[in-house]
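First the structure, in the form of structure tokens, and then the observations on it.
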Protein chains: 2
Amino acid sequence: MTVIPKDCGFSTALGVIGGKWKVEILCELQKTPRRFGRLRQLIPGISEKMLAQQLREMEADGLVRREVHDASPPKVVYSLTDHGNTLNDGVASLCQWGEGHLRRTHRAPSEPALHAV
Amino acid sequence: MTVIPKDCGFSTALGVIGGKWKVEILCELQKTPRRFGRLRQLIPGISEKMLAQQLREMEADGLVRREVHDASPPKVVYSLTDHGNTLNDGVASLCQWGEGHLRRTHRAPSEPALHAV
DNA sequence: CAGCATCCCCATTGATACTG
DNA sequence: CAGTATCAATGGGGATGCTG
């Protein structure tokens with residue numbers, strides 16, 4: 001059984017992927033690079049503001065790469081950096097844990113939640 | 001506690017260990033069972049309210065076992081359940097990730113000042 | 001000692017509207 | 001299309017005080 005170190009960087013990791021939508025964005029970008037509008041479609045319920053905001057934070061954290069293709073209409077493609085990809089293992093572990101324990105908690109998940117990371 | 005809507009089981013996992021202090025509690029209880037007051041000492045900065053609250057939530061989630069030894073003064077011992085222990089791998093992964101990327105970025109004032117969890 | 005009860009703050013999120 | 005700007009609400013969490 002892995003041991004959690006006393007001074008673990010969990011807060012750091014959470015600061016980077018703890019945002020309400022970041023794991024979903026991670027999920028999508030991990031499959032393939034996406035455009036802004038496509039991400040909106042793929043992540044139901046997210047507002048433009050939040051998508052832009054979280055993407056910007058993830059970009060600042062070096063998780064996401066933003067490529068602007070000058071054209072009309074505008075085109076911006078987001079993709080995961082190698083740095084961002086290194087998060088997958090840990091996140092996937094917790095995802096699996098969550099899927100294996102969808103038992104009732106004090107806070108109803110309410111969502112089926114399927115696509116694994 | 002931050003709640004991520006529909007996605008993979010990550011939201012479930014976060015709902016369970018996403019609390020501001022839960023990973024620290026996990027760290028301590030993973031070593032050995034502890035009493036309430038001892039946890040307070042071991043987790044600098046946590047208030048009684050939050051400690052009690054987070055422990056209750058973790059208990060409700062089946063992560064923590066609470067044993068009351070009737071005595072004067074009162075004595076309550078907390079320990080991790082097997083269920084709680086299954087979280088270690090995933091959490092440890094993210095902990096390690098965080099340790100490898102301790103570079104601060106844009107993160108705002110709400111952040112608990114990164115006192116290494 | 002353990003741990004509820006209250007009051008209050010403010011950061012995060014949501015809604016809505018506007019723009020290059 | 002891909003954002004930015006502004007305003008308002010929600011609720012997590014801090015501080016303090018009280019009790020079995």
Side-chain angles (χ1 to χ4, degrees), chain A residues 11 14-25 28-29 33-60 64-79 105-108, chain B residues 1-7 11 14-25 28-29 33-60 64-79 106-115 117:
Chain A
S11 62
L14 250 201
V16 153
I17 41 112
K20 189 170 179 180
W21 308 93
K22 290 186 182 175
V23 169
E24 291 196 67
I25 294 172
E28 292 305 333
L29 292 187
R34 303 280 196 196
R35 297 184 53 182
F36 186 87
R38 184 64 181 142
L39 283 174
R40 270 190 72 190
Q41 297 170 0
L42 291 167
I43 307 178
I46 194 171
S47 64
E48 288 186 358
K49 182 186 102 173
M50 288 314 295
L51 179 53
Q53 190 174 298
Q54 308 258 303
L55 280 171
R56 205 127 287 119
E57 290 179 7
M58 294 172 78
E59 189 192 356
V64 160
R65 180 176 18 251
R66 180 170 180 268
E67 290 169 89
V68 181
H69 301 262
D70 226 10
S72 188
K75 181 175 176 180
V76 181
V77 176
Y78 294 92
S79 55
T105 60
H106 47 94
R107 175 179 288 281
Chain B
M1 135 178 39
T2 319
V3 173
I4 297 180
K6 139 195 180 167
D7 62 354
S11 61
L14 250 202
V16 151
I17 41 109
K20 188 170 176 180
W21 308 93
K22 290 186 182 175
V23 170
E24 291 196 66
I25 294 171
E28 292 306 332
L29 292 186
R34 303 279 196 195
R35 296 186 50 184
F36 186 88
R38 184 63 181 142
L39 283 173
R40 270 189 73 192
Q41 299 170 1
L42 291 167
I43 307 178
I46 195 171
S47 65
E48 288 185 359
K49 181 186 102 171
M50 288 316 295
L51 179 53
Q53 190 174 296
Q54 308 259 303
L55 280 171
R56 262 179 271 117
E57 290 181 4
M58 294 173 78
E59 189 192 357
V64 160
R65 179 174 21 248
R66 180 170 180 269
E67 290 167 89
V68 181
H69 302 262
D70 227 11
S72 184
K75 180 175 175 180
V76 181
V77 176
Y78 294 92
S79 54
H106 55 87
R107 212 123 300 280
S110 72
E111 203 74 24
L114 177 61
H115 56 83
V117 167

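What's counted below: heavy atoms across the whole structure, side chains too, no hydrogens, waters or symmetry copies. Protein chains get the first letters and strands the later ones, always in sequence-line order, with residue 1 at the start of each. Source: prediction; values computed, not measured.
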Strictly below 4.0 Å: does [X] bring a side-chain N or O up to OP1 or OP2 of [N]?
X	N	result
B:Lys20	D:dG14	yes
B:Trp21	D:dG12	no
A:Gln54	C:dT13	yes

Would you mind reading off the distance between [X] atom [atom1] and [N] atom [atom2], rounded to a whole angstrom?
X	N	atom1	atom2	result
A:Arg34	D:dC1	CZ	C1'	17 Å
B:Glu57	C:dC4	CD	C1'	15 Å
A:Glu67	D:dA2	CD	P	13 Å
A:Leu51	C:dT16	CG	P	18 Å
A:Glu24	C:dT13	CD	P	13 Å
B:Met50	D:dA15	CE	P	11 Å
A:Ile46	D:dG3	CD1	C1'	13 Å
A:Gln53	C:dA15	CD	P	14 Å

Measuring from atom CD of A:Gln53 to atom NZ of A:Lys22, what distance do you get when rounded to the nearest 0.5 angstrom?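 A:Gln53 atom CD to A:Lys22 atom NZ measures 8.5 Å (nearest 0.5 Å).
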How long is the gap from OH on A:Tyr78 to CD on A:Glu59, to the nearest 0.5 Å?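 Rounded to the nearest 0.5 Å, the OH-CD separation comes out at 7.0 Å.
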Compare all side-chain heavy atoms of B:Arg66 with those of B:Arg56 and state whether any distance is below 4.5 angstrom.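 Of all side-chain heavy-atom pairs linking B:Arg56 with B:Arg66, none is under 4.5 Å.
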Under the 3.5 Å rule, do the base of C:dG14 and the side chain of A:Lys49 count as making a donor-acceptor pair?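 A donor-acceptor contact between them is present.
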Can you name the nearest heavy-atom pair linking A:Arg35 to A:Pro74, along with the distance?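 That would be NH2-O, 3.2 Å.
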Exercise answer: donor-acceptor pairs, residues 42-50 of chain A side-chain atoms, under 3.5 Å, sequence neighbours excluded:
| unit_1 | atom_1 | unit_2 | atom_2 | d |
| --- | --- | --- | --- | --- |
| A:Ser47 | OG | A:Met50 | N | 3.2 |
| A:Glu48 | OE2 | A:Arg40 | NH1 | 2.5 |

One pair to check against side chain to side chain donor-acceptor pair (under 3.5 Å): A:Gln41 and A:Arg38. What are the steps and the verdict? CA-CA 5 Å; A:Gln41 297 170 0; A:Arg38 184 64 181 142; 2.6 Å; yes
Distances for protein N/O vs nucleotides 1-3 of chain C N/O pairs under 3.5 angstrom?
| unit_1 | atom_1 | unit_2 | atom_2 | d |
| --- | --- | --- | --- | --- |
| C:dC1 | O3' | B:Arg35 | NH2 | 3.1 |
| C:dA2 | OP1 | B:Arg35 | NE | 3.0 |
| C:dA2 | OP1 | B:Arg35 | NH2 | 2.9 |
| C:dA2 | OP2 | B:Gly37 | N | 2.8 |
| C:dG3 | OP1 | B:Arg66 | NE | 3.0 |
| C:dG3 | OP1 | B:Arg66 | NH2 | 2.3 |
| C:dG3 | OP1 | B:Tyr78 | OH | 3.2 |
| C:dG3 | OP2 | B:Tyr78 | OH | 2.7 |
| C:dG3 | N7 | B:Glu48 | OE1 | 2.9 |
| C:dG3 | O6 | B:Glu48 | OE1 | 3.3 |

Taking it one step at a time, do B:Leu55 and B:Leu39 satisfy side-chain contact (heavy atoms from CB on, under 4.5 Å)? CA-CA 10 Å; B:Leu55 280 171; B:Leu39 283 173; 4.1 Å; yes
